[in-house]
Amino acid sequence: MKTIDKNWTIEESSFNPARSGYYETIFNLSNGYMGIRGTRDCTSAICRKGTFLAGIYDKGDAQITEIVNCPSFINFRITVDDDPVELSGCSELSYRRCLDMKEALLYTDATITDHSGRKLGIKSTKAVSIADKRIAFFTLEITPVNFSGTIKVLSEIDGAASNYDRSGCREISHFNVLEGESDQGGTAVLQAETRDSKTRIAIAACMGLSGVCGPLCSSDVKKQGDIVVSEVAFTGEKGMTYTVDKVICVLHSLDPSGACTPEKAAEYACAGFKKGIGRLLREHKDVMALKWDMSDITIEGDCKAQAAIRYNILNLLMLGANVDGNVSIGAKGLHGEGYKGHIFWDTEIFVLPFYIYNEPETAKKLLLYRYNRLEAAKANARAGGYDGARFPWESADTGREATPDYFYPKEGEPIKCLTGDEEIHITADVAFGFYEYCRITADTGFLLKYCAEVLLETAKFWISRLEYDSGTGYYEIRSVIGPDEYHIHVNNNCYINYMARWNILKAEEIWEDLKNNYTMDFEAVCKKTGVDAEIITQWSEKASKILLRHSKEGILEQFDGYFLLKDHVIEKYNEKGIPVLPPGFKTDKDFWGYKLIKQADVVMLLHLFNDQFTEEQKKLNYEYYEKRTIHWSSLSPSIYSLMGVNVKVPAMAYSYFNVSANTDIEDNQSNTEDGIHAAAVGGTWQAMVLGFGGFRVKEGMIHLDPWLPREWNAISYKACWKGRTVCISVTKEHVKVKISGDNNTVYDVIIFNNPYTVKANTELEVRMHAVEEVIILGVDKY
Ligand code: BGC
């Protein structure tokens, strides 16, 4: 196996069947079109195989429509003289797997000695091509070290794959394998169709021994029920190394870029096989190198943080690679069945910023996924008796509400889900994502064509959702769940009221902008949405009277009555950095009477509307809520890290950064086996760039206010802004910034609150500011 660069690899250094599920998620490979779990080969110690195709959902007998666990195709088995090689049954085993993050390749290196003393070396490299979304491949090197004998490599397209339904503790198959030729001239082929949605999937695989043919080697394709097996058999001579390659092509009928037939899949797989693994690898690595060139973040002095930030970025690069306006990124990526592959606010508020600042085209496509479901969002609103568009709390293929009635945790009683009815902040979150994209990229075309309409339709929803209290003269938003899901049916959640008001006011502002500057687009959007001058006047009036509660000290009350709840200040943390709770706290209900909250709620608001709060307000609210947040959601630590930088509590910002960056690597939510935590992944990037990197865009201008934790010597990153690339490096001594553009262009930038000008393509260096640490917490976390 290649040498390990710890800054670029995640390693599994021994074989432990109990860790299967965790590693299957951690070693997932994906290209945004397909995702495959890192299931081990040559062993029955598997937690769950998983092959997911973005956008392919089905209801079938499941509780609710869910991402389909499709036929798997990347694993292999080996037999020696017809004895199966089983890793867990070997008398001696050296085993190592590593994910090379630079190249998005999964390597395995094992040497086994079986019961008869036969020693076999097995090395494999697996890839899901980032250069060609339909292609996945592996190459396998086998060495019979101390024997000669017949070696067979068997690899399946497994049409018996299924989803696991926790509600009924049963397997659910979401597709039927279709009749048809499974051996097309030595190429294995399987065609399937999902049960309800009738989406066609065609998978083909070419497998063969490189460089060897004739009587020494045979290859065969067999159908066993719903499984098509490719088999390569050869006589292995002691001490020789043999290489088996497999190239797979996956097509499906929702992909507008080509026909989905078994013949096409076979043709494609064969063409890939003929091209050769060497070229496939080169093409894949070249695209990865380009992606990393824009998105890499370096951290000097902290190898663990360096590898962790890269793991998070790698997953963002893989998951965003082929989004196309019809699919989005689910809360668990394409890594597992967790949350049924559904899409939450995680995408717009946590994940989207990475793409806005690194791959704006990808960001646009993620937003188009929502825009293309605007009609469904309008139907959601109508179904609840409201106007405008209401995006679903959980979204799948159609854009209708897909939140299940009950959530089935691994242990304990099912939990009734009210989030679909009450966690309505998603609508403003989506609108926020649309505007944020336009704000950073200055993409006026997108603003006119999509953003304006989305903002107006969502504003209509909020206006119809307001309730007037004639006693106080304020508009209220009642019976909701804020980001903190541990308090349900609350009135006037501060985050929601604030977001709703922003949504309405921003819609108004855009409406005025269009009216004054883009007449044709203005007329078109008014016609589409029915919003006219009279309506806008009413909106202004209502928005100004949306209730926003503060305490006398300036603390924002999370919802009506929150300050009256029983208090509990968090004082102890476990070894994973998660707060220890009062004795007896187990389920959501235990929190109802307490001020303890699940995740960043008011603090989330401080982040999104950073400029609208004073330093003092941010500090006070951070201090207050930090002591009461238990972070039982992976969405929380990144925001406390980012805001920790903002309110100048570096030790805390750093420790929250580590918790967030290692959410999956250290499995600190204890459910990584269900899939990665996409929001933590995106939130970690935000904590890094918008937090420590200090990058903000205010009124169209770049502001830099970076800050290095004691443990770091230097960081560097890039960001896209208005079509330019901004390169930033920060050491303990200086901040350097360079912005691309025409040579004559001069940019104004604000660094540590001081104005500078910088010529395009020229580096500006500014002395680093010593930042005074503010100690606001007496709690010793570690
Ligand atoms: C969090 C939500 C999040 C969802 C999906 C929940 O546990 O509370 O904020 O959207 O998980 O990640």
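Counting starts at 1 for both ligands and their atoms, following the listed order.
By the 4.0 Å N-to-carboxylate-O rule, R166 lies close enough to D674 to be salt-bridged with it.
For atom 2 (C) of ligand 1, the nearest non-hydrogen atom of the protein is E485 OE2, 3.6 Å. When only non-hydrogen protein atoms are considered, atom 11 (O) of ligand 1 lies nearest to Y339 OH, 3.0 Å.
Proximity of a side-chain donor or acceptor of D346 to a complementary backbone N or O of A331 within less than 3.5 Å is not detected.
Note that R19 lies in the cation-pi zone of Y22, set by a 6.0 Å cut-off to the ring centre and a 45° limit from the axis.
Side-chain contact annotation: D484 with Y625, donor-acceptor N/O pair under 3.5 Å absent. A side-chain N or O of E171 and one of S162 form a donor-acceptor pair less than 3.5 Å apart.
In this structure, V323 and V327 approach most closely via the heavy-atom pair CA-CG2, 3.9 Å.
Within ligand 1, counting atoms from 1 as listed, the ones closer than 4.0 Å to a heavy atom of A331 are 5 (C), 12 (O). Within ligand 1, the atoms closer than 4.0 Å to a non-hydrogen atom of K598 are 1 (C), 6 (C), 7 (O), 8 (O), numbered from 1 in the order shown. For ligand 1 and Q599, the ligand atoms under 4.0 Å from any heavy atom of the residue are 1 (C), 8 (O), 9 (O). Atoms of ligand 1 lying under 4.0 Å from at least one heavy atom of W345, given by number and element, are 2 (C), 3 (C), 9 (O), 10 (O).
Proximity annotation for atom 12 (O) of ligand 1: of T419, D484, D346, D346 comes nearest, heavy atoms only.
Using 4.0 Å as the threshold, W393 has a heavy atom nearer than that to some atom of ligand 1.
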